[in-house]
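Please read the structure below before turning to the comments.
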Amino acid sequence: MTKIHVTTTVNGDETEFLCDPRETLLDVLRDRLNLTGAKEGCGTGDCGACSVTMEGRLVCSCLVLGAEAEGKDIATVEGIADGDTLHPLQRKFIEHAALQCGICTPGILVAAKSLLEKNPDPSETEVRYWLAGNLCRCTGYDKIIRAVMDAATEMREAS
Amino acid sequence: MSVSKPLPHDAARLHVTGSARYVDDIPSPAGTLHLAFGQSPIAKGRITAMNLDAVKAAPGVVAVMTADDLPFTNDVSPSIHDEPLLSDGTVNYVGQPVFLVIANSHLAARKAATLGQVDYVEETPILTVDEAMAADSRFEEGPRIYEKGDAETAIDAAPRQIDATFEIGGQEHFYLEGQAAMAVPNEGGDMLVHSSTQHPTEIQHKVAEALGVPMHGVRVETRRMGGGFGGKESQGNALAVSCAVAARLTGRACKMRYDRDDDMVITGKRHEFRITYRVGFDDDGRVQGVSFKHYTRCGWAQDLSLPVADRAMLHSDNAYLLPNARIESHRLKTNTQSATAYRGFGGPQGMVGIERVMDHIAHDLGLDAVEVRKRNYYAAKADASGQKDNSTPYGMQVEDFELHGMTERLMETSDYAARKAAIEKWNAENPIVKKGIAFAPVKFGISFTLTHLNQAGALVHVYQDGSVHLNHGGTEMGQGLFQKVAQVAASRFGIPLDLVKITATDTAKVPNTSATAASSGSDLNGMAVKAACDTVRDRMADFLAERHQAEVSDVAFSDGHVEVGEARYTFQEAAAMAYQGRISLSATGFYKTPKIEWDRIKGRGRPFFYFAYGASITEVAIDTLTGENRILRTDILHDAGASLNPALDIGQVEGGYVQGAGWLTTEELVWDNQGRLRTHAPSTYKIPACSDRPDVFNVALWDEQNREDTIYRSKAVGEPPFMLGISAWLALSNAVSACGNAYPAIDAPATAEEVWAGVRRVRDGI
C-alpha cells in the first residue's frame, strides 16, 4: 500500500515521516520516530498509557491515525521536561513516589499536564475524574493524586 | 546509612521522562521479525487438518511454524512438561497457541494469524467446578487434606454450627505492559533473550530445552517489567521460547508481544475457588472446629497450581487459632486458561474463606465482627512451656503474632467505634443508601513453600574509582526491589547511593535464581548482596589494616570514607589503593533462608520463616436500588518490620489494597458456555481507576522490627497488603446486611450486580 507523507510538529520540532495509511499515531511515534515514551496498554483507548496531546487536546494515540497528524502540533512525554530541567509534575511524581513500574507514568503525566493547562486549580475530585481514563495497576492512585495536587499548587505559586 | 530512608524508585527519573526502557522499547536490530500465535477457537478437541497456505501467503509473512517444525522440546510448562508451546494435535482451551506466525511487522503477524484453516473434532469441554468434579478431572490423585485435631467431632459438639458455600472469582493480572520478549541470535548458536519475566532462570531453562543447547548457550536479561504480579512468573515462557526458535530458524532477531486481548485470552489468571465451610462455635463466637473444602479451578495445565492450592490451605487459618481444623483441597483440571501465580499465590483465597466464616459467626450471634475476630486470635507468642496451643493447622508454632497491638492501634486511629455507631444511625435513617464498615486482619507466611527455592545469589564489583556495580537474581517489576537492595549495598560500604549502579538481572551474572515471587525479593537478594558486599569490604579492611599496622576492627566504613586509626580516605581512594595492592574487588554472595522445613504431602512442618501482618478497615456506601457502591474511607496499619524504605513499602501497601479490593469488587471474569472468555480487554474487565480510590485513604506502617534475623530486620511486603482488600468486600456485605435480618452471603467479586442481588436476598428473601 502506498505510504503517506506526513509533515507535523512533535514537541516543537518539525518532523516528517512516511506511514502506512492504517498505521496509528502511537506506532508512528514508537516505531518511526523512536519516541517510545507513549506505551500501548490496550490498543482500544481504554487505558490511557498512550496519551499524547494533538493541538493541545488530550488523545489516545492508539486511536489516532498517523496520517491525521498532518499539520498538527503533537506533544508527548518526551517534551515535558525542559532539557535536563524537570517539569514540576515530573518532580512531584518522583518526590511523592507516585509511580512503581512506571509504564503508565508517561500517559498520566501527559494527561495531568493537560488538566493543569485547562484548570490550574483543580479540586481533588476533578483530578480523580480527569485521570479516570489512565489506568495504573501498581500504585492505588493515592500518591498520583497527591503529586498532581502538589504540582498544581507549586505551579500556581510560581506563576 | 541509606537503609530505612524513604528514597524514590531507582528509575523514577527515567519513568517520568519516558526514557525507561521496557522490552518493547529496546532498540531492535535491523531486520527484526515479529511473531503472533494462531489460536484455538474451541475449548476442547483434536486437530484433524491444518491448512496454513493463506497464512504463509499473507503480506509480510516470512515463515509459519507448527509443532512439527519445532527442533527440540515442545514445552513451556514450569512444572510437569504438560504444556506444549504449540498444540500437539489436541487443544485444551480457547486461545491455545496452535501455530506461530513470523512476519516483518507486529500487525502483519497478527493479521496473518487469523487466516489459518484448522479443522477440529470438537469434544465436550469441562469448564466448571461441577463438571470437573463430576468427571473427576483433577491434578494429583485425589484431594490434599491438612488436619489438626478432629474437626468434625468438634463441630458437632459445639453449641452452634454454620454450614455454607460461596464462590470466589479469579483475577486478570492486567500488568499495564503486556507479555513481551525479544531473542537476538548470537554467534555459534548462542541466544540472547530479553524477556519481561519475573523468572529469567526459568526462561533460560525453557529456551535451552527448546533450542537443544545447554543452559550456558542462553543468556536472559531483564531490566524491568511494566508490572508482573505473578503473571510473569511462568506466562512469559511461551513468548521467549517462540522468539528463540524463530530466531534460530531465520537467523534474525525476533520479537513478540501480546496484544491486550490476546494476553487476556492466552495467559493464566488467579485461580477461582468454590469454598464450602462447616464451623462449630460457642455463644461467644469462639471457634471449636472448622472444616473447609476448596474446589480450585486450575485450567488445562498444571503450571503452579499445586503450590497455589497448598498456600490457600496454609492461609485457611489467617489470624486465628483453630483448635480443630480440616482443609480438603481439590485441584480441578478444566478446559480454560491455565491458572497461575498471582500476588498472594492462593493465600488470598484461603484467607477469604476464614474471614467469611468470622463474618458469618458475628452475624449469627449479633456480635461485633472485630470482637469475634479478637477472641479467636493467636496468642502474641508461643507459650514457652508448650502447654498452651498456638499452632497452625499445619503444625507450625506462631511465634511473632503482632495483631493484638496492631488491631488496638488501628481501632483508635480509625475511630472505629464512633464511626460504627454513626453508620448504624445513618442506616436507621436512610432507606436507600446504606453504609457498611468492616475490619480485616492479615497474617501472611513468608518463604517459598517449595523449600529449595529459598536461595539467592549476588555479584558485586567495586571499580578502582570507587563506583559499585551491583547485580542479583531478583527482578524489578515496579516494587522498588532494586532500590532497596542498592540501599543495602550502600549501607554495607558506608557510601552514598549514587556510587551504586543497579544493573539488569542477567543469567550470565547470577545463575540458578528463583523467581522474584512469594514476596521474597528483598529478603533473599538483600541478604545475598549483603554477603557479597561484606566479602569485598572485609578484603579492603584487611588490606588497609595491614598497611597501617592496625587491627581490622579499627577499620570503619561510613560517610563515604574509610577510616583506619588516624588515617581517613575517601571510599574512592581506598578502592584505588586496594586495586593497586592487588586486592580482588569483586565477590559473589549467597543466602539461604534458615529454619524452614516442610512436607507438603503430610501438611506438617515450618513452611515459613516468619509472618507479615496487616490490618485494614474499610467503610463503603451502597445504593440499594442499583447495587452501585463506593469506598468512602480506608484505614490501614501494615507490618513491614523495620522498613528498608518506607516510601516504597507504603506504595506496596496502597497498591496492594486497591488491587485486592478490585479483585473482590469490580473485577469479574466471565466465560461463556463454550469456554470463551468474554471479558478480555479493559472495555469489559474493570480494574480500579483513579476515581475508585477511597475518598479518605490513611496508611501507616507498624513500628516493630522483624523478630527473625532478616535483612536489617525488615519484612517482605509484596503480597501481604493485597489481602487488606478483603475488608472492602466485608464492608459491602456489612452494608447489605443493613437491609434486613438474613446473612447477605455475598460471593466474590461483590460487583454492583452481586450487591444488588444481596440486597434482594436480605430484604425480600429472593
Side-chain angles (χ1 to χ4, degrees), chain A residues 1 20 22-23 27 30-31 34-47 49 76-78 80-81 86-87 89-91 93-106 108-110 124-125 127-145, chain B residues 6-9 11-22 24-25 27 105-107 173-178 224-229 257 259-261 476-480 647-648 650-659 661 681-683 687-695 697 699:
Chain A
M1 195 169 289
D20 185 297
R22 297 162 301 187
E23 208 169 324
D27 286 343
R30 292 180 55 81
D31 300 338
N34 294 322
L35 294 170
T36 55
K39 312 295 182 187
E40 181 177 312
C42 67
T44 50
D46 293 304
C47 79
T76 73
V77 68
E78 286 90 348
I80 293 182
L86 296 181
H87 186 277
L89 273 165
Q90 293 173 311
R91 273 193 287 106
F93 267 61
I94 296 175
E95 230 172 80
H96 286 264
L99 50 85
Q100 286 180 31
C101 85
I103 201 156
C104 71
T105 309
I108 290 182
L109 285 169
V110 169
E124 196 180 294
T125 303
V127 174
R128 289 161 58 113
Y129 282 88
W130 183 271
L131 293 180
N134 289 82
L135 298 178
C136 167
R137 192 50 151 167
C138 298
T139 65
Y141 303 103
D142 192 62
K143 291 171 189 294
I144 291 173
I145 294 163
Chain B
L7 300 169
H9 193 281
R13 193 181 168 94
L14 301 178
H15 290 148
V16 300
T17 51
S19 48
R21 279 185 188 160
Y22 303 81
D24 194 37
D25 303 334
S105 79
H106 175 72
L107 204 56
H173 301 83
F174 216 93
Y175 26 66
L176 257 280
E177 179 211 25
R224 64 171 59 79
M225 282 162 272
F229 315 115
R257 67 179 170 91
D259 165 83
R260 178 64 58 183
D261 294 67
E476 177 60 48
M477 61 194 97
Q479 81 278 46
L648 296 176
I650 286 176
Q652 288 298 298
V653 174
E654 292 178 352
Y657 169 84
V658 169
Q659 203 176 82
S683 52
I687 72 166
C690 201
S691 44
D692 299 316
R693 160 192 165 271
D695 290 343
F697 199 4
V699 178

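Predicted model only: the values in this text are computed from it and were never measured. Every chain is numbered from 1 and lettered A, B, ... according to where its sequence line falls, protein lines coming before strand lines.
With sequence neighbours excluded, no residue satisfies salt bridge (Lys or Arg N to Asp or Glu O under 4.0 Å) with Asp27(A). Considering only residues two or more places apart in sequence or on other chains, Gln479(B) meets the side chain to side chain contact (heavy atoms under 4.5 Å, CB included) condition with Glu476(B), Met477(B), Leu481(B), Thr516(B), Gln652(B).
Of the atoms belonging to Val16(B), heavy atoms from both backbone and side chain fall under 4.5 Å from chain A. In this structure, no portion of Arg91(A) lies under 4.5 Å from any heavy atom of chain B. With a threshold of 4.5 angstrom between heavy atoms, Ile145(A) approaches chain B through side-chain atoms but not through N, CA, C or O. Heavy-atom distances place no part of Tyr657(B) under 4.5 Å from chain A, backbone and side chain included. Using a 4.5 Å cut-off between heavy atoms, Pro694(B) touches chain A through its backbone atoms (N, CA, C, O) alone. In this structure, chain A has no heavy atom under 4.5 Å from any part of Arg21(B).
In terms of non-hydrogen atom pairs under 4.5 Å with chain B, the most contact-rich of Cys42(A), Pro106(A), Ala81(A), Ala97(A) is Cys42(A). Contact tally against chain A (heavy-atom pairs below 4.5 Å) for Leu107(B), Asp259(B), Leu14(B), Asp695(B): the top residue is Asp695(B). With chain A as the partner, the residue from Ala647(B), Ala11(B), Gly656(B), Gly651(B) showing the most heavy-atom pairs under 4.5 Å is Gly651(B). When each of Asn34(A), Ile80(A), Leu86(A) is checked for heavy-atom pairs under 4.5 Å with chain B, Leu86(A) comes out on top.
Side-chain atoms of Cys136(A) and Leu176(B), non-hydrogen and from C-beta on, never get closer than 4.5 Å to each other. Contact annotation: the side chain of Glu78(A) never approaches that of Thr17(B) to less than 4.5 Å [non-hydrogen atoms, C-beta and beyond]. Counting only heavy atoms from C-beta outward, the side chains of Ile650(B) and Lys143(A) approach each other to under 4.5 Å.
Rounding to the nearest 0.5 Å places CD of Gln100(A) at 8.0 Å from CG of Leu648(B). The distance from atom CD1 of Ile108(A) to atom SG of Cys690(B), rounded to the nearest 0.5 Å, is 7.0 Å. The OG1 atom of Thr44(A) lies 6.5 Å from the CG atom of Asp261(B); values are rounded to the nearest 0.5 Å. With values rounded to the nearest 0.5 angstrom, Ile103(A) atom CD1 is found 4.5 Å from Glu177(B) atom CD. One distance of note links CZ of Arg224(B) with SG of Cys101(A); it measures 9.5 Å at 0.5 Å rounding. Between Arg693(B) atom CZ and Thr139(A) atom OG1 the span is 10.0 Å, to the nearest 0.5 Å.
In terms of modelled atom types and a separation under 3.5 Å, the side chain of Tyr141(A) and the main chain of Pro688(B) share a donor-acceptor contact.
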Stepwise salt bridge (Lys or Arg N to Asp or Glu O under 4.0 Å) test for Arg260(B) and Glu40(A) = CA-CA 9 Å; Arg260(B) 178 64 58 183; Glu40(A) 181 177 312; over 6 Å; no
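Nearest heavy atoms, Phe229(B) versus Cys138(A): CZ-SG, 3.7 Å. Scanning both residues, Ile94(A) and Pro8(B), for their nearest heavy atoms gives O-CB, 3.6 Å. Listed here is the closest heavy atom pair of Phe174(B) and Arg137(A): O-CG, 3.3 Å. The shortest non-hydrogen separation linking Pro682(B) to Leu135(A) is CB-CD1, 4.1 Å.
Look at Arg128(A) and Asp692(B) and you find no salt bridge, because none of the NZ, NE, NH1 or NH2 atoms lies under 4.0 Å from a carboxylate O. Here Arg30(A) pairs with Asp24(B) in a salt bridge; the nearest charged N to carboxylate O distance falls below 4.0 Å.
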